[in-house]
Structures are given as structure tokens and as C-alpha cells.
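What follows is a short report on a single structure.
Numbering of residues begins at 1 and proceeds along the displayed sequence.
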Amino acid sequence: YNPPYPIDHGHMCPAGDNKWSKKAMEQTFLLTNMSPQYSALNKGDWEELERRCRGWARHYGEIWIVCGPIFNPNYRTIGNEVGVPDAFFKVILRMGKRPKALGFIYPNNQGRHDMSFYLRSVDEVEIMTGIDFFYNLPEDIETIVESDSNLKEW
């Protein structure tokens, strides 16, 4: 497979989130934290989401983030059979008096869109990934935060 666009080592946990420790920052450059990501996404819409997450973390004091690649059954490979994800997901949870969560699905392509284009409920991301993200929350809170995603409440 010869990708039609340049591909970067897309970080799942960005180095910019780990400035608190030299070792933590160095570990973001391990291949276990990277996935082939089209450059336009990595340096565009995905980077914007990473910046917003840092802002939310500063504002709320603490947020929980889970992200990773999504592969369709017939995914492409590059190099030494390295899988190229079809999309990436990110779910974000804030606790406190009014717990809220956001879900996102970003296709691994060249698109440029407003963040709301990628917005999904955590329930939708769970269906696409097969992952139950916040199962340790009390059931009533989990049900509420996973069913709604509203950027205006962040």
C-alpha cells in the first residue's frame, strides 16, 4: 500500500501532556504510543483536540482521556505490515459536581472540520470500538455521561 498522503507517527498521548516529567515525555516517543496517522490530521484537527484537552484539564483540574486507533476488517498496511488505522477515537470524562463526557471519532484522512463534526456520545464510541470505557462509575452516572456529548457544556 502506497499512502496517498504523508503519514506521521501519531501520538496517542501527546508529548505536550507530559511536560511534568522528562521521563514521561520521553516515553511518549515509544512506538507503543504511536500509530500511523495522516499528517494533515495529526497537525490539524487532531492537534486541535489535543490542545482543547489540555485546556479542559487546566480548567477542571483533572480529566480522564482514553484514545486509540480503530481498524476496519480490511485495513491497509505500510512498511513491515504496520496497520494504518481507519480512524481514531478519544473519550474524555470530567467528574465533579456535574460529571460530563465527550466522545470523538476522527477518520484518518485529510479532512478539515469543526470539532463538532467528530463529536459522538461515548455510547457511540463504545459501539464502534467494542470497549466499555467508564464501567467503574456508578451505573446512574455512567448511563448519563455516556449517552450525551455536548461541547457547550465544557
Q: Quick one: sort the Phe117 and His113 rings into parallel, tilted or perpendicular, breaks at 30° and 60°.
A: parallel
Q) Is there side-chain contact between Val91 and Leu102, with heavy atoms separated by less than 4.5 Å? A) no
Q. Within the distance-only criterion (no hydrogens, no angle test), does the side chain of Asn18 pair as donor or acceptor with the backbone N or O of Pro14 below 3.5 angstrom?
A. yes
Q) Does anything in residues 80-94 pair up under salt bridge (Lys or Arg N to Asp or Glu O under 4.0 Å), and if so which pairs, sequence neighbours excluded? A) none
Q.
Looking at Glu26 and Lys23, is any side-chain nitrogen of the basic one under 4.0 Å from a carboxylate oxygen of the acidic one?
A. no
**Q.** Any side-chain donor near an acceptor of the partner, Ser121 and Asp123, under 3.5 Å
**A.** no
Q) Is there a path of hydrophobic side-chain contacts, each under 4.5 Å between heavy atoms of I, L, V, M, F, W or Y residues, that connects Ile127 with Ile92? A) no
Q: Over all heavy atoms of both residues, which pair between Met25 and Ala15 is shortest? Give the atoms and the distance, please.
A: CE-O, 3.5 Å
**Q.** Over all atoms of both residues, closest heavy-atom pair of Thr28 and Met34
**A.** O-CE, 3.9 Å
Which side-chain N or O atoms in residues 133-141 pair as donor and acceptor under 3.5 Å with protein atoms at least two apart or in another chain?
none

Q: Can you measure from SG (Cys13) to CD (Gln27) and round to the nearest 0.5 angstrom?
A: 10.0 Å
(Q) If I take atom CH2 from residue Trp56 and atom NZ from residue Lys100, how far apart are they, to the nearest 0.5 angstrom? (A) 13.5 Å
Q.
Within the 4.5 Å heavy-atom criterion, are Asp45 and Arg112 side-chain neighbours or not?
A. yes
Q) Going hydrophobic residue to hydrophobic residue with side-chain gaps under 4.5 angstrom, can you get from Tyr38 over to Trp46? A) no
Q.
Can you give me the closest heavy-atom contact between Ser149 and Arg120, atom names plus distance?
A. OG-O, 2.7 Å
Q) Do you know the tightest heavy-atom contact between Leu93 and Ala101? A) CD1-CB, 4.2 Å
Q: Please examine the side chains of Phe88 and Pro107, heavy atoms only from C-beta on, and report whether any two atoms are closer than 4.5 Å.
A: no
Q.
Donor-acceptor pair, distance only, cut-off 3.5 Å: does the side chain of Asp8 make one with the backbone of Gln37?
A. no
Q.
In the structure I gave you, are the side-chain heavy atoms of Met95 and Glu62 within less than 4.5 Å of one another anywhere?
A. no
Q: Indicate, with yes or no, if Val122 and Ile65 share a hydrophobic cluster defined by side-chain heavy-atom contacts under 4.5 Å among Ile, Leu, Val, Met, Phe, Trp and Tyr.
A: no
(Q) One pair to check against ring pair (Phe, Tyr, Trp, His ring centres under 6.0 Å): Phe29 and His9. What are the steps and the verdict? (A) CA-CA 9 Å; Phe29 293 97; His9 293 92; 9.8 Å; no
Q. Is there a path of hydrophobic side-chain contacts, each under 4.5 Å between heavy atoms of I, L, V, M, F, W or Y residues, that connects Trp154 with Trp64?
A. no
Q) With a 4.5 Å limit on heavy-atom distance, are the side chains of Ile70 and Pro85 in contact? A) no
**Q.** Closest approach of Gly83 to Thr77 (non-hydrogen atoms, all atoms of both residues)
**A.** CA-CG2, 4.1 Å
(Q) I need the Tyr118 OH to Glu48 CD distance, nearest 0.5 Å. (A) 11.0 Å
Q) Under the 3.5 angstrom rule, does the side chain of Asn42 hit a backbone N or O of Glu47 as a donor-acceptor pair? A) no
Q) Just how far is it from atom CD of Glu146 to atom CD of Glu124, taken to the nearest 0.5 Å? A) 12.0 Å
Q) Is it the case that one hydrophobic cluster holds both Ile131 and Phe104, taking links as side-chain heavy atoms less than 4.5 Å apart, direct or via other members? A) no
**Q.** 4.5 Å side-chain heavy-atom contact, Ile7 and Ser39
**A.** no
Q.
More than 12 heavy atoms of other residues, nucleotides or ligands under 6.0 Å from OH of Tyr75: yes or no?
A. no
Q) Does the side chain of Met128 reach to within under 4.5 Å of the side chain of Val125, using non-hydrogen atoms? A) no
Q: Kindly give the heavy-atom pair with the smallest separation between Gly111 and Asn109, and that separation in Å.
A: N-OD1, 2.9 Å
Q: To the nearest 0.5 Å, tell me how far Ile105 CD1 sits from Thr129 OG1.
A: 7.0 Å
Q.
Please check this pair: side chain of Asn72 against backbone of Asn74, looking for a donor-acceptor N/O pair closer than 3.5 Å.
A. no
Q) How far does CG of Asn108 sit from CZ of Phe71, to the nearest 0.5 angstrom? A) 9.0 Å
